[in-house]
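Below: one structure, written as structure tokens.
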Amino acid sequence: MKLYADTTPRFATQLALDALLVGWVVAWIWVGNTVHDGTMELAGPGERTAASATSLSESMGDAGRYLEGVPLVGGGISAPFEQASSASQALADAGESTARAVERLAFWLGLSIAVIPILVVATRYLPGRVRFVREATAAQRYVDGPGDLELFALRAMAHQPLHVLARVSDDPVGAWRRGETAVVDRLARLELAEHGLRAPARGRPAAGQIPPPPPHPPHPPHPPTGAAS
């Protein structure tokens with residue numbers, strides 16, 4: 001998989017944009033966490049209210065149960081305490097419910113604040129980035145040697161604007177058919193540049209290829225038989 005271009009300016013641009021995207025994601029995650037933590041502080045009063053009301057409810061319940069044992073008047077004396085215990089428990093439930101609502105609000109608020117800016121940038125940047133990786137990876141498999149430059153030259157004549165082709169040759173199709181090396185090279189480099197690739201040097205094998213063996217030197221001619229020594 002080819003993630004970055006071979007040419008230095010485009011490679012530097014891609015690397016800088018990728019770093020900016022990562023920084024953007026990290027920054028908004030931090031903002032989302034900060035908003036979440038700040039919102040969670042609003043749950044503090046509800047939690048403290050729930051804890052205090054629960055403690056009061058338990059105390060009132062204990063007092064009511066203790067007073068029930070008083071002879072003759074125990075039931076009448078314990079009734080207000082039981083009512084106070086029930087009211088305190090209702091207040092505790094309300095405080096707990098408020099705290100849970102704040103927790104849900106903090107979660108969704110922090111998540112939306114972080115995710116929305118990230119998605120806005122990612123949906124604009126990533127499709128082009130993925131398209132480059134796919135096209136460059138596919139094109140890299142065809143850059144095996146100078147002979148494959150003709151393929152990219154042909155694609156250049158189909159894809160490049162006419163005014164760009166005119167700067168290369170007055171008759172690019174004819175030059176391609178005649179196999180003119182200079183024109184084919186220039187056309188191929190135009191197309192390869194679109195994929196962030198460099199053209200292989202002519203006369204030099206591409207990476208991973210085994211160079212052809214050097215030709216054997218011609219044998220010296222044998223002296224004619226019967227020549228004078």
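Atoms considered below: every heavy atom in the structure, side chains included; atoms not considered: hydrogens, waters and symmetry mates.
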Can you find a heavy atom in the side chain of R10 that is under 4.5 Å from one in the side chain of Y4? no
Report yes if the side chains of L105 and L42 come closer than 4.5 Å at any heavy-atom pair, otherwise no. no
Hey, does L187 have a side-chain heavy atom less than 4.5 Å from the side chain of M157? yes
Pairing residues for R129 by the salt bridge (Lys or Arg N to Asp or Glu O under 4.0 Å) criterion, not counting sequence neighbours: D18
Transitive ILVMFWY side-chain link L111 to I29, under 4.5 Å: no
Do L109 and H36 have side chains that approach each other closer than 4.5 Å (heavy atoms only, starting at C-beta)? no
Is there a donor-acceptor pair closer than 3.5 Å between any side-chain N or O of E103 and the backbone N or O of A43? no
Do V121 and L20 share a hydrophobic cluster (ILVMFWY, side-chain heavy atoms under 4.5 Å, transitive)? yes
Assess whether side chain to side chain contact (heavy atoms under 4.5 Å, CB included) is satisfied between T137 and L3, documenting all intermediate values. CA-CA 8 Å; T137 302; L3 298 178; over 6 Å; no
Between the side chain of W24 and the main-chain N/O of P117, is any donor-acceptor distance below 3.5 Å? yes
Going hydrophobic residue to hydrophobic residue with side-chain gaps under 4.5 angstrom, can you get from V102 over to I113? no
Exercise: identify the closest heavy-atom pair between A5 and F11: O-CB, 3.5 Å
